[in-house]
J.: 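I am attaching a structure below and will ask some questions about it afterwards.
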Amino acid sequence: MNITIRKSKIATLKSFDNLFIEMSEKYCNQKCKHCYIDFPEFKKVQDFIEKEIIENALSELKDTDIKYIYLTGAEPMTHPDFNAILRLCLKKADVCICTNGSFINEKKARFLKKVENESKNEIFFRISLDHYDEIKNDEVRYRGAYRQAIFAIKHLIKYDFTPFIIVTNFYKEKNEVLKKEICKLFWEYNIKPSQILINNYFDKNSVINDETITTKEWNRLDCEYGRILTSKGIYACPFLSGDYRGRCGSNFKDFAHKIPIETNYCSTCINNTLEMFSVNFENMN
Ligand code: SF4
């Protein structure tokens, strides 16, 4: 019998720039077709991370020069202690809120600017918008998601924030066309093309393509520049939170700096060649 053994590639943490915090594992007010999270079909699970877990993690990381903290989810702004956690994180680093934008209106944007002004660090945003056409966007995300995202982005700009627009190219259109048409939606707000970050869509349920993982090269991966803190421990990246293949340890006193690149999600990252969740400011112009 012939047994083929494939050796996984290994990604090493090169620099701990990004700390992702999973505010909730499965609680979201939208249900996007391309989401990497497996949502419960009929029940809403309110599984928020405790503030004390974040406080302990930040104290373990007090000597680590984290550059950015990303509040992720499911939807991070549903967390009941969201404001307190935001203030806590701003003491350590700049904070990026990764959101669908549905909780941001004028009052919230004004409040967030006040919170930012009280801190030495900045708040920025990753807002999801998947298409320039309302019907196509809402078909992927949620009815009303398009208007909510645009409303949020406009109010954030009004209060002098920098929103990054995160597009999952679900319909497999040309990236340049998507970028150009989304820029047009905000023509009076001077959104730069570099603020629009496009990820190629890859079906998480499709059969893994071993060839991709074993032969393709990548430029930068999230697991090379950070880790995610969840209520269950530390994982390599948001894709692999809760997945034993991405487990790195239970706390930041001692955690894995190397991770085998072996999952369908890794295949998505490698196909994109770049990080999927963090913003690489070196690439901005
Ligand atoms: S899913 Fe991507 S970022 Fe996560 S471990 Fe795999 S290659 Fe790294």
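In listed order, ligands and their atoms are each counted from 1.
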J.: Are Phe151 and His155 close enough that their ring centers fall under 6.0 Å?
T.: yes
J.: Name the atoms and distances for all side-chain donor-acceptor pairs under 3.5 Å in residues 84-98, with sequence neighbours left out.
T.:
residue	atom	partner	partner atom	Å
Lys92	NZ	Leu61	O	2.7
Lys92	NZ	Thr64	O	2.8
Asp94	OD1	Glu122	N	2.8

J.: Please give me the protein atoms (N, O or S only) lying under 2.8 Å from atom 4 (Fe) of ligand 1, ordered by chain and number.
T.: Cys237 SG
J.: Check which hydrophobic residues are tied to Ile10 through side-chain heavy-atom contacts below 4.5 Å, counting indirect links as well, and list them.
T.: none
J.: Look at the aromatic rings of Phe16 and Phe255 and report parallel, tilted or perpendicular, splitting at 30° and 60°.
T.: perpendicular
J.: Is Tyr171 isolated, or which residues cluster with it under the ILVMFWY side-chain rule of less than 4.5 Å, directly or via members?
T.: Val140, Phe170, Tyr201
J.: Centre-to-centre under 6.0 Å for Phe124 and Tyr68, is that the case here?
T.: yes
